[in-house]
Amino acid sequence: MIMINNEPKAYTPIFLGTTQHSLRLSLEILIMVGMKLNDEIIETYNVTVSAIELGYLPSIGSEIAIDEITGSELSGFKAKLTAPDAQIQNTASTDLKKLVDLKNVGRYQLLKGKNIMTQDLNAPKLTNDNLILIRQLLGVTQQELANAMSINEKTIRRIESKEQGITDTFVDKLLVAYPDFAESIEVQFDWVSLTFPDLTSKQVIADVLRIQENLFLERPTSQNFYTREMAFAGEKNIYIQDFAPVKNPETQAVDQKFGTTLYLTGKGTQLLEKALLEQNMNWRNFFEKARQYRGHLTRLDIAINDKWGLLKMNDLVKAVQEKRFWSKSKSYAVHGNVDDGWTVDFGKSPFVIRAYDKHKEQANKGTSFKDVKQRQLDEVASKMNAMPLRQALDGKRPIVVFEQEYKAMQRYRRAYEKRKQRMLEERQNDEK
């Protein structure tokens with residue numbers, strides 16, 4: 001039993017993974033939870049939970065001790081969990097740290113290079129010019145930087161004028177004063193698709209992903225010339241498409257055509273990372289394993305998160321337009337504008353490097369409310385309250401009615417898919 005917006009539900013909450021890219025050891029993290037009823041996931045929620053209350057990261061498909069979920073699709077959901085004991089809390093920090101490392105498949109560090117993917121690639125050694133750039137990014141004087149590092153201002157001045165070299169001790173003190181410089185740019189996988197010519201979707205789930213098959217919803221499809229789809233929790237985050245088995249009407253034997261494609265959307269890569277952690281694997285191990293099953297990449301998107309704002313899109317666009325850049329490919333394109341956001345592409349498909357303003361791209365999709373003013377919200381609310389629709393709601397808040405109708409629509413959708421699947425099976429049986 002779980003309370004969802006003060007309404008008791010006979011659901012068992014199931015942990016399905018974390019759903020954020022840049023997972024930090026903060027007080028709150030975003031996870032995906034499935035509501036299980038009679039061994040079937042009825043609906044899913046992306047909820048924010050307290051890392052302290054969560055205590056540890058459950059295995060994918062296992063129950064999670066959530067007592068209550070409150071919120072909405074628009075404002076987001078929050079979950080309250082049963083408080084764990086101190087011993088479990090100690091393991092939580094370790095699990096979260098491992099997951100953070102797994103998500104960051106590579107890092108370009110201004111000071112000391114580290115690459116989670118291979119442990120081979122190091123960033124260039126810090127130079128005098130780099131130090132000047134770092135100080136400018138920080139917006140501090142030589143004296144202020146020296147104070148933060150607990151060293152003499154003369155040392156900073158001599159290094160920047162190239163009268164003195166940079167020692168490892170200096171770099172260590174700079175890292176202590178400004179630890180974020182150790183992770184200025186993170187590299188993470190954002191979309192992955194793999195094709196396996198010799199496997200079925202169920203074999204990919206069992207042998208490659210190694211996730212419980214009962215967490216996937218089987219349904220018919222006509223996409224990409226396939227006839228069957230297995231979707232994790234019924235959603236297109238982690239899904240596999242292949243060919244449904246067909247019974248030969250002459251021999252009565254079941255014919256299974258091999259060949260399948262695994263799709264991991266941006267959210268899907270985030271969910272899979274917890275499964276990899278449970279198997280003590282990283283992304284490199286996963287791709288090596290896929291190759292063992294003759295899997296080959298058909299799409300790989302890499303997200304480069306510039307947390308320090310080292311790349312300014314307006315400056316980048318200007319440099320490209322003035323051809324002040326170096327690239328192995330002569331092809332490039334600039335799209336967009338200052339207001340809606342720029343997009344810069346280097347190369348031709350299927351090998352394209354794309355830079356764009358993620359915040360503006362999300363805002364254009366309607367998923368960002370940071371630029372909305374309270375006055376605008378008040379005006380909209382005032383107009384809504386004056387409408388006959390508000391009166392027809394009989395005192396109920398619109399968001400409450402919306403949530404109820406949305407959930408009903410989701411139930412109808414799942415019922416329709418099940419009915420469609422039964423009709424397809426019945427038609428196949430009649431043809432036999």
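In this chain, numbering begins with 1 at the start of the sequence shown. All values below come from the heavy atoms of this structure, side chains included, with hydrogens, waters and symmetry mates left out.
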Can you check whether I60 reaches Q212 side chain to side chain, under 4.5 Å on heavy atoms? no
Aromatic ring proximity F216/F232, centre distance under 6.0 Å: yes
For atom CG of N248, is the number of surrounding heavy atoms from other residues, nucleotides or ligands below 6.0 Å larger than 12? yes
Atom CG of L272 and atom CG of L262: how far apart are they, to the nearest 0.5 Å? 8.0 Å
I need the minimum non-hydrogen distance between L16 and A233, along with the two atoms involved. CD1-CB, 3.7 Å
Check T195, T261, N224 against Q241 for a side chain to side chain donor-acceptor pair (under 3.5 Å) and give me the one that passes. N224
Can you find a pair of side-chain heavy atoms, one from L300 and one from F287, that are under 4.5 Å apart? yes
Is the Y11 to Y45 ring centre distance short of 6.0 Å? no
Of all the heavy-atom pairs spanning V33 and I64, show the shortest one and how long it is. CG1-CG2, 4.3 Å
How would you list all residue pairs meeting salt bridge (Lys or Arg N to Asp or Glu O under 4.0 Å) that involve residues 286-296, not counting sequence neighbours? D198-R294, R284-E288
Can you find a side-chain donor-acceptor pair between N314 and W342 that sits under 3.5 Å? yes
Correct closest heavy-atom pair for P13 and I2 would be CG-CD1, 4.2 Å
If you define the side chain from C-beta out and look only at heavy atoms, does anything of M313 sit under 4.5 Å from L316? yes
Would you say T269's side chain and F189's backbone share a donor-acceptor pair under 3.5 angstrom? yes
With sequence neighbours excluded, residues passing side chain to side chain donor-acceptor pair (under 3.5 Å) with N237: E235
One pair to check against side chain to side chain contact (heavy atoms under 4.5 Å, CB included): I29 and V49. What are the steps and the verdict? CA-CA 6 Å; I29 60 175; V49 298; 3.8 Å; yes
For the CG atom of D190 and the NZ atom of K267, what is their distance to the nearest 0.5 Å? 13.5 Å
Can you list everything that forms a side chain to side chain donor-acceptor pair (under 3.5 Å) with E322? Sequence neighbours excluded, please. R324
Any sub-3.5 Å donor-acceptor pair from S193's side-chain atoms to R299's backbone N or O? yes
Stepwise, does the side chain to side chain donor-acceptor pair (under 3.5 Å) test hold for T260 with D242? CA-CA 4 Å; T260 182; D242 70 346; 4.7 Å; no
Testing the basics here: between L217 and G234, what is the closest heavy-atom pair and its distance to 0.1 Å? CB-CA, 3.8 Å
Looking at G268, is its backbone amide N or carbonyl O close enough to the side chain of T265 to form a donor-acceptor pair, meaning the two atoms are under 3.5 Å apart? yes
Strictly by salt bridge (Lys or Arg N to Asp or Glu O under 4.0 Å), give each pair with a member in residues 33-49 just once, sequence neighbours left out. E40-K418
What distance separates Q279 CD from S59 OG, expressed to the nearest 0.5 Å? 10.5 Å
Side chain to side chain contact (heavy atoms under 4.5 Å, CB included) assessment of M35 paired with I69: CA-CA 11 Å; M35 297 299 152; I69 291 178; 3.4 Å; yes
dist F15:CZ -> I66:CD1 (nearest 0.5 Å) comes out at 9.5 Å
For side chain to side chain contact (heavy atoms under 4.5 Å, CB included), just list the numbers for F258 and Q203, CA-CA rounded to whole Å, side-chain angles, deciding distance to a tenth of an Å, and then say yes or no. CA-CA 10 Å; F258 290 92; Q203 288 174 323; 4.0 Å; yes
Hey, could you give me each pair passing salt bridge (Lys or Arg N to Asp or Glu O under 4.0 Å) that has a residue in residues 205-225? Not counting sequence neighbours. K202-E213, K202-E218, E218-R228, R219-E229, R219-E417
Taking the side chain as every heavy atom from C-beta outward, state whether V47 and L30 have any atom pair closer than 4.5 Å. no
Over 60° means perpendicular and under 30° means parallel, so classify the ring planes of Y263 and Y239, tilted if in between. parallel
Interatomic spacing from CD1 in I240 to OG1 in T200 - rounded to 0.5 Å: 9.5 Å
Derivation of the side chain to side chain contact (heavy atoms under 4.5 Å, CB included) call for L276 and N285: CA-CA 9 Å; L276 297 180; N285 302 143; over 6 Å; no
Got a sec, which residues hit side chain to side chain contact (heavy atoms under 4.5 Å, CB included) with E63, two or more places apart in sequence or on another chain? T12, I14
Could you report the tightest heavy-atom contact between L81 and D67, atom names first, then the distance? C-OD2, 3.9 Å
Shortest non-hydrogen contact from M32 to T19? CB-CG2, 3.5 Å
Please step through salt bridge (Lys or Arg N to Asp or Glu O under 4.0 Å) for the pair K257 and D255, ending with a clear verdict. CA-CA 6 Å; K257 186 177 179 180; D255 295 332; over 6 Å; no
Would you check if T227 and T221 make a side-chain contact, meaning some heavy-atom pair closer than 4.5 Å? no
Are side-chain heavy atoms of L199 and V208 found at a separation under 4.5 Å? yes
Gap separating the OG atom of S72 from the CZ atom of F77, nearest 0.5 angstrom: 6.0 Å
pair N46-I31: side-chain heavy atoms closer than 4.5 Å: no
